[in-house]
Amino acid sequence: MTKIAHHIPDEMLAAYAAGRLPATFEMIVAAHVSMCDACRAALETHEMLGGTLMETAAPAAPLEGDLLERTLAQLDAPVEPDGAARTPPARMGIYPGPVAEALHHGPPRWRAAGGGVRQQILAEDGKSSVRLLYIPGGQAVPDHGHGGTELTMVLQGAFHDETGHFGPGDVEVADESLEHTPIADAGAACICLAATDARLRFRSLLPRLAQPFLRI
Ligand SMILES: [Zn+2]
């Protein structure tokens, strides 16, 4: 695998550690961290700092009466120590564990999205969404702006746009100020995981007409 060059911004890792990211972005961060030692190490630092904050914070309120006892009684048998408690979902081919989980460990069910592009929406939550995109080699995604933030992570192949070149594991962070035209590299289809927290703004008429249908 080629080396990952485009990472999750540190403030986003901090927000993820604090549980403050939209669920649709969480999947991309989890997928990238599963492939990137550097971001995994940075995330562990944030989680450690967050844990220290929680330990030093004053308790919110004393537990009343026998609440503590009753709560403890309801807990299940002793759990595995940290780390072994939750086995991360297994990778499935090009799909990192969190994506494989969202696919219910089966192949994607692609739907045509125009111009040879195919997609499968994995999760939607109000205005935000996360989807798999299949872009044939050499194919462009219509240029668009962003009402909010768009995160795109490459799973197979590569794409390039005005800001750079993105291969497997790389994450592009696009914000409101960026208008770009991603183009898949020639060769194998580019498969990406893309998450948005607001609707995209397409400049040309055709994608705008198709937008409600594509639910981008
Ligand atoms: Zn990284």
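The model shown is predicted, which means the values in this text are computed figures rather than measured ones. Whatever order the structure lists them in is the order used to number ligands and atoms, beginning at 1.
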Can you tell me if [X] uses its side chain to pair, donor with acceptor, with the backbone of [Y] under 3.5 Å?
X    : Y    : result
R91  : G93  : yes
D161 : T181 : no
D197 : T149 : yes

Problem - Test side chain to side chain donor-acceptor pair (under 3.5 Å) applied to Y134 - qualifying residues, sequence neighbours left out - result: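 Testing Y134 for side chain to side chain donor-acceptor pair (under 3.5 Å), a comparison that skips the adjacent residues, returns R118.
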Exercise for the section: Mind listing the protein N/O/S atoms less than 2.8 Å away from the Zn ion (ligand 1)? Waters don't count. Expected result: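 Those protein N, O or S atoms (cut-off: under 2.8 Å from the Zn ion (ligand 1)) are H7 ND1, H32 NE2, C36 SG, C39 SG.
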Practice task
Using the six-membered ring wherever Trp is involved, compare the ring planes of F166 and H6 and label them parallel, tilted or perpendicular (cut-offs 30° and 60°).
Solution key: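 Ring orientation, 0 to 90° scale: tilted.
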Problem - Closest non-hydrogen atom pair between M92 and A100, with its separation - result: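 It is CB-CB, 3.7 Å.
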